[in-house]
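First the structure, in the form of structure tokens, and then the observations on it.
Values reported hereafter were calculated over all heavy atoms of this structure, with side chains retained and with hydrogens, waters and symmetry mates removed.
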Amino acid sequence: MGVTDLQCARILSTNNDINDKSLHFIKQSILSGIITTTIATHPTLSNAIEFVPPSPSFSYTYKDAVEVMQTQRLAVDNILNVIEEGEIDEAGFKVMQLRAQTRTAGKIILDTFQENMSSLKNSSSGDSSITLLRFLSLQKKFGVLIDLCDECEDTLQMALKGKSGVTAAVQLKALKVVDDIKSSYDEFLGQLTSFEESTVVKR
């Protein structure tokens with residue numbers, strides 16, 4: 001069922017600071033199936049953005065989660081372009097999606113590895129110890145990635161609420177954080193590939 005301007009207006013009726021451009025972007029996101037949620041207040045919009053399967057065939061498997069992470073890595077490049085163009089509203093919304101998708105997909109990946117490692121729990125071999133250390137390193141990189149997503153979201157939310165000063169300063173700060181997200185994503189995916197090669201993964 002389609003979402004009309006009136007329906008979007010009702011969803012955002014408690015927000016006086018939402019402009020037409022924000023309304024249009026949120027409407028388009030709902031129409032494209034990116035989110036299905038009731039948005040109550042703009043300052044806490046991020047709390048309403050939840051993970052939505054990218055396709056009907058998504059089954060929450062390791063393979064599905066890796067595909068989501070790879071797709072979100074490409075989304076980071078798009079976010080950089082959006083910020084460079086000064087589209088802070090759109091960038092803020094895209095970062096909320098990025099955070100939700102990354103958090104859920106990453107958790108599926110880490111949980112899968114943890115389950116596979118349970119068979120090595122009682123092993124005293126050097127291989128099991130090395131595997132554990134590599135898993136902890138991957139877990140740490142994921143934590144850094146999520147922290148950066150949170151930081152970027154906070155930066156853009158402050159800008160939308162007019163607490164960060166001039167737009168140019170916000171753009172520079174946001175670009176720096178998103179660039180860090182890009183590097184963090186590459187590190188995580190790179191180590192993930194390496195970990196896959198040495199660990200049996202139930203896909």
Side-chain angles (χ1 to χ4, degrees), residues 1-3 11 25-40 44-79 91-123 128 130-154 178 180-203:
M1 188 167 88
V3 178
I11 290 173
F25 185 77
I26 293 170
K27 177 189 173 185
Q28 290 303 113
S29 297
I30 295 173
L31 285 171
S32 65
I34 295 174
I35 61 169
T36 53
T37 184
T38 299
I39 303 171
T44 58
L45 184 62
S46 60
N47 295 327
I49 304 300
E50 298 178 354
F51 175 82
V52 174
S55 70
S57 63
F58 188 86
S59 56
Y60 291 84
T61 64
Y62 175 88
K63 182 180 179 180
D64 289 338
V66 171
E67 289 178 354
V68 168
M69 293 292 282
Q70 291 170 338
T71 299
Q72 292 308 305
R73 168 58 186 85
L74 295 176
V76 175
D77 292 334
N78 176 257
I79 291 171
F93 198 79
K94 285 180 178 290
V95 169
M96 292 175 199
Q97 297 171 35
L98 173 73
R99 178 178 175 274
Q101 303 289 86
T102 299
R103 183 181 292 277
T104 298
K107 186 177 186 303
I108 292 172
I109 290 170
L110 294 177
D111 286 350
T112 300
F113 277 123
Q114 200 159 28
E115 289 171 10
N116 292 342
M117 289 168 57
S118 63
S119 61
L120 301 174
K121 186 175 180 181
N122 298 319
S123 173
S128 65
I130 292 173
T131 299
L132 176 60
L133 289 174
R134 295 181 73 177
F135 171 76
L136 293 175
S137 177
L138 185 68
Q139 191 177 50
K140 182 177 180 180
K141 288 185 183 299
F142 178 67
V144 171
L145 176 57
I146 292 299
D147 286 345
L148 287 169
C149 288
D150 289 344
E151 181 183 350
C152 189
E153 184 177 334
D154 289 343
V178 176
D180 289 342
I181 291 175
K182 179 178 177 179
S183 297
S184 183
Y185 237 113
D186 288 340
E187 289 181 11
F188 177 82
L189 291 175
Q191 187 161 335
L192 177 61
T193 299
S194 176
F195 199 16
E196 282 181 343
E197 294 172 353
S198 62
T199 308
V200 176
V201 179
K202 297 177 182 178
R203 294 174 179 268

Using side-chain contact (heavy atoms from CB on, under 4.5 Å) as the criterion, point out the one residue from D150, D180, I181, L189 that pairs with L145.
I181
Which pair of heavy atoms, one from F142 and one from T102, lies closest together, and at what distance?
CE1-O, 3.5 Å
Does N116 form a side chain to side chain contact (heavy atoms under 4.5 Å, CB included) with F135? I'd like the steps, not just the answer.
CA-CA 11 Å; N116 292 342; F135 171 76; over 6 Å; no
Can you tell me how far apart CG (L138) and CD (E187) are? Round to the nearest 0.5 Å.
11.5 Å
For F113 and Q139, run side chain to side chain contact (heavy atoms under 4.5 Å, CB included): C-alpha distance rounded to whole Å, both residues' side-chain angles, the deciding distance at 0.1 Å, then the answer.
CA-CA 10 Å; F113 277 123; Q139 191 177 50; over 6 Å; no
Between Y185 and Q70, does a side chain to side chain donor-acceptor pair (under 3.5 Å) hold up when you go through it step by step?
CA-CA 9 Å; Y185 237 113; Q70 291 170 338; over 6 Å; no
Pair L192, K141 - check side chain to side chain contact (heavy atoms under 4.5 Å, CB included), show working.
CA-CA 10 Å; L192 177 61; K141 288 185 183 299; over 6 Å; no
Please name the pair of heavy atoms, one in C149 and one in V95, separated by the smallest distance, quoted to 0.1 Å.
O-CG1, 3.9 Å
d(S194 OG, R134 CZ) to nearest 0.5 Å is 4.0 Å
Side chain to side chain contact (heavy atoms under 4.5 Å, CB included) evaluation trace for Q191 with S137:
CA-CA 9 Å; Q191 187 161 335; S137 177; 2.9 Å; yes
Spatial distance of atom CG (D111) from atom OH (Y60) [nearest 0.5 Å]
13.5 Å
Nearest 0.5 angstrom please: Q101 CD to M69 CE, how far?
11.0 Å
How many angstroms lie between CD1 in I146 and NZ in K107, if you round to the nearest 0.5 Å?
12.0 Å
Atom CG of L148 and atom OG of S183: how far apart are they, to the nearest 0.5 Å?
9.0 Å
Going by heavy atoms in the side chains, are Y62 and E196 under 4.5 Å from each other?
yes
Would you say that V144 contacts F188 through its side chain, given a criterion of any heavy-atom pair below 4.5 Å between the two side chains?
no
